[in-house]
Amino acid sequence: MVSPQPGKLILSTFYIISGQAAKTYNEPPFDYVIVDEASQALLAMFGGAKLLGKKNIWIGDTKQLPPVVALSDDKVNRKNYGVLVDGLKALSVNAALPVFQLTETHRLTDRASNYTGIFYQNHLKSRVKKNIRLSYQDMNYEFGNFFNPKGGPTLIKTNMKVGDYKPENALKFSTELVKHLLSINDKIHISVLTYFIETTKALQKNIFQTVGYHKNLLIETVSRVQGLTTDVAIYVIPNSSYHRSLENRLFNVATSRSKRHTIIIADKNVLTRSQVDNEVNQYLKKLDNEFSFYVPFETKLAKIFAKIKKST
């Protein structure tokens, strides 16, 4: 039971106060209820918030991932449960409520915010300090080329087999990159992300067996890291089920976690795939023209690894 305390801020979770909301029949006990990370709230949770507070403020991002539920996406769509699951989006679209969009980011650099801004009508502005370190002085020259001096995303295109959720080139590239970054600075926080559990397990096996376990190294699915902030993010996109990896909100989350650099690894023909979301397609095409590399493992990538091993 959570009771109001005049002049004090009460912090709680929906799980704890849901029972209290269900038993509130008279006037709401709180003057204000603020729902943070509201994109993770089911529609019923907003109903509970209204029962608890005379006034409500909901803070969230409809361009971030909706709540994870046990039901499959197919069943949610078939039963028309989308409105119940994706509560914040449903309310922002259908309810007569005042809506305000924040336009400043304190995580992304200018260049990174220009890319992520594609998902926000190009209104996103960076408020990051201009003296943030974006380069790693001891990095091998071959790998250093893949890191834009202004920070933000890089597109690495390589050869991947269709339907392969454990793409060898991406696994090797990610492993060598993580190994090299940790060797020059073990305080760098690195996150290796992907959509598929199978790909995540393959990345974990390859990378952890090579570099061991580090407190500053995270290898996870995108759906489990929505609130994450990291120094370097590596997003691996297998050559299969692009409607999953390139889904609008998931792609936005995956590519906006990093304060410094985001390395996107995909098949060389990723830009030719159909049924790709318009904003994601715009992002990738812009990046392909501005800062992308084709790295076939059999030639260029193998030479890079050879040079790194020789120098170390």
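Residue numbers count from 1 along this sequence.
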Over 12 foreign heavy atoms within 6.0 Å of CD1, I197:
no
Within 6.0 Å of CG in N122, more than 12 heavy atoms from elsewhere:
yes
I want to check something: taking the side chain as every heavy atom from C-beta on, are [X] and [Y] in contact at a cut-off of under 4.5 Å?
| X | Y | value |
| --- | --- | --- |
| I265 | I237 | no |
| N56 | F46 | no |
| K268 | N159 | yes |
| V85 | L71 | no |
| V35 | F14 | yes |
| L177 | F146 | no |
| F173 | T158 | no |
| L43 | L91 | yes |

Is there a donor-acceptor pair closer than 3.5 Å between any side-chain N or O of [X] and the backbone N or O of [Y]?
| X | Y | answer |
| --- | --- | --- |
| S113 | D110 | yes |
| N239 | M160 | yes |
| H180 | M139 | no |
| E37 | Q40 | no |
| D288 | L271 | no |
| D86 | G82 | no |
| S245 | Y242 | no |
| Q204 | I219 | yes |
| N269 | T272 | no |
| Q226 | L65 | yes |

How long is the straight-line distance from [atom2] of [Y] back to [atom1] of [X], given to the nearest 0.5 Å?
| X | Y | atom1 | atom2 | answer |
| --- | --- | --- | --- | --- |
| H261 | R111 | NE2 | CZ | 9.0 Å |
| E104 | L102 | CD | CG | 8.0 Å |
| L155 | L284 | CG | CG | 6.5 Å |

Verify whether the ring centers belonging to F143 and Y141 lie closer than 6.0 Å.
no
Electrostatic pair E176:K172 at N-O distance under 4.0 angstrom:
no
Indicate yes or no: does R249 engage D61 in a salt bridge with an N to O separation below 4.0 Å.
no
Does a donor on one side chain and an acceptor on the other come within less than 3.5 Å for Y115 and N252?
no
If you measure only the distance, is there a donor-acceptor pair under 3.5 Å linking the side chains of T262 and Y235?
no
Please identify each residue that fulfils salt bridge (Lys or Arg N to Asp or Glu O under 4.0 Å) with D231, with sequence neighbours left out.
K259, R260
Any side-chain hydrogen bond (donor to acceptor under 3.5 Å, both in side chains) involving residues 184-200? Give me the pairs, sequence neighbours left out, ordered by first then second residue.
H189-T230, S191-T230
Report the relative orientation of the aromatic rings in F147 and Y136; use parallel for angles under 30°, tilted for 30 to 60°, perpendicular for over 60°.
perpendicular
Could you see if I184 belongs to whatever hydrophobic cluster contains L182? Use Ile, Leu, Val, Met, Phe, Trp, Tyr and a side-chain cutoff under 4.5 Å.
yes
Salt bridge (Lys or Arg N to Asp or Glu O under 4.0 Å) contacts touching residues 44-56 (sequence neighbours left out):
E27-K54, D31-K54
Has K63 got its NZ or CZ under 6.0 Å from the middle of the six-membered ring of Y120, at an angle within 45 degrees of the ring axis?
no
